[in-house]
Amino acid sequence: MSFLSIITYTGIFVFALTGAFKARAHKMDVFGGLVVAFATAYGGGTLRDLLIGIRPVNWINDRFALMLVISGAIVSFLLKNNENRFKRTIFFTDAIGLGMFTAAGIEVALRYGVNDMYALIMGVITATFGGLIADIFCNQVPNLFKKGELYATVCAIGGGVYLLLKNTNLDNDIALAICIILVVALRIYSKRKRLTLPEI
């Protein structure tokens with residue numbers, strides 16, 4: 001299994017956990033949890049594939065990925081947790097998922113002939129739109145649109161660094177790992193320091 005596949009499958013599992021935790025925090029049943037987990041894990045990648053013309057989209061006929069989503073939902077519903085810990089858990093799993101899917105989204109787009117600029121956009125979409133759909137399902141303001149949240153911004157920064165590193169002699173897998181670590185670290189740091197973008 002390639003490093004890109006490992007990143008993709010890990011991201012699917014982590015985002016499935018995130019979606020299921022959100023569903024549980026909103027008192028949904030198991031079916032609702034599966035729907036939100038599925039949307040979180042697959043939403044961004046599906047939109048990316050549709051935009052760049054990948055057919056069939058990434059999750060069709062991928063039984064392993066489906067089992068990861070189901071496993072993530074089951075794990076989240078088996079864990080006992082209080083509301084404050086749920087919020088922290090959702091934040092950290094979401095941050096990890098952002099890093100994983102930013103790197104994977106950019107790399108997939110590049111492999112299908114998309115130029116660097118639009119590959120970066122595809123990476124941001126892959127990382128953020130699943131969570132956006134899940135937040136809409138949960139009837140809450142998506143993190144992507146919340147004031148005071150560096151969300152898509154950290155994906156763009158980490159993805160931009162990855163594209164710069166691809167033009168060096170650095171091993172591509174190491175560049176992917178740096179992208180993931182940078183996105184996760186920036187997301188956590190910006191939240192703790194309450195860094196924000198200027199208002200319009």
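Values below: all heavy atoms of this structure, side chains included; hydrogens, waters and symmetry mates excluded.
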Can [Y] be reached from [X] by stepping across I, L, V, M, F, W or Y side chains whose heavy atoms are under 4.5 Å apart?
| X | Y | value |
| --- | --- | --- |
| Leu50 | Ile60 | yes |
| Ile136 | Leu144 | yes |
| Tyr162 | Ile181 | no |
| Ile6 | Phe15 | yes |
| Val124 | Tyr118 | no |

Can you check whether [Y]'s main-chain N or O pairs, donor with acceptor, with [X]'s side chain at less than 3.5 Å?
| X | Y | result |
| --- | --- | --- |
| Thr18 | Val14 | yes |
| Ser76 | Ala73 | yes |
| Asn172 | Lys166 | no |
| Tyr42 | Leu66 | yes |

side-chain contact (heavy atoms from CB on, under 4.5 Å) assessment of Met28 paired with Cys138: CA-CA 9 Å; Met28 294 185 186; Cys138 294; 3.8 Å; yes

Flag the pair [X] / [Y] as yes when at least one side-chain heavy-atom distance between them is below 4.5 Å, and no otherwise.
| X | Y | result |
| --- | --- | --- |
| Ile12 | Val69 | yes |
| Asp62 | Tyr9 | yes |
| Val183 | Ile157 | no |
| Asn143 | Asp94 | yes |

Minimum heavy-atom distance [X]-[Y], with the two atoms named:
| X | Y | value |
| --- | --- | --- |
| Leu17 | Gly72 | CD2-O, 3.3 Å |
| Ile90 | Phe21 | CG1-CB, 3.5 Å |
| Arg192 | Phe92 | NH2-CZ, 3.9 Å |
| Met122 | Leu51 | CE-CD1, 3.9 Å |
| Ala104 | Ile7 | CB-CG2, 4.1 Å |
| Leu110 | Ala119 | CD2-CB, 3.7 Å |

Gap separating the [atom1] atom of [X] from the [atom2] atom of [Y], nearest 0.5 angstrom:
| X | Y | atom1 | atom2 | result |
| --- | --- | --- | --- | --- |
| Leu4 | Met100 | CG | CE | 11.5 Å |
| Phe129 | Asp135 | CZ | CG | 12.0 Å |
| Thr46 | Trp59 | OG1 | CH2 | 6.0 Å |
| Ile125 | Leu120 | CD1 | CG | 10.0 Å |
| Ile106 | Cys179 | CD1 | SG | 5.0 Å |
| Ile52 | Ile121 | CD1 | CD1 | 12.0 Å |

In sequence, state the C-alpha distance, the side-chain angles, and the governing distance for Arg48 and Asn58, and then conclude on side-chain contact (heavy atoms from CB on, under 4.5 Å). CA-CA 9 Å; Arg48 175 203 65 218; Asn58 61 90; 3.8 Å; yes

Would you say that more than 12 heavy atoms from the other residues, nucleotides or ligands in this model lie under 6.0 Å from the [atom1] of [X], or not?
| X | atom1 | result |
| --- | --- | --- |
| Arg55 | CZ | yes |
| Asn139 | CG | no |
| Asn61 | CG | no |
| Met1 | CE | yes |

Pair His26, Phe137 - check side-chain contact (heavy atoms from CB on, under 4.5 Å), show working. CA-CA 10 Å; His26 286 80; Phe137 284 170; over 6 Å; no

Applying side-chain contact (heavy atoms from CB on, under 4.5 Å) between Leu165 and each of Leu163, Val161, Asn167, report the one that passes.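 Among Leu163, Val161, Asn167, the one that satisfies the side-chain contact (heavy atoms from CB on, under 4.5 Å) with Leu165 is Val161.
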
Does the side chain of Thr8 pick up a donor-acceptor pair with the side chain of Ser5 at under 3.5 Å?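 Ser5 and Thr8 do not have a side-chain donor-acceptor pair below 3.5 Å.
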
For the pair Ile133 and Leu47, evaluate side-chain contact (heavy atoms from CB on, under 4.5 Å) and give the outcome as yes or no after the intermediate values. CA-CA 11 Å; Ile133 295 168; Leu47 180 57; over 6 Å; no

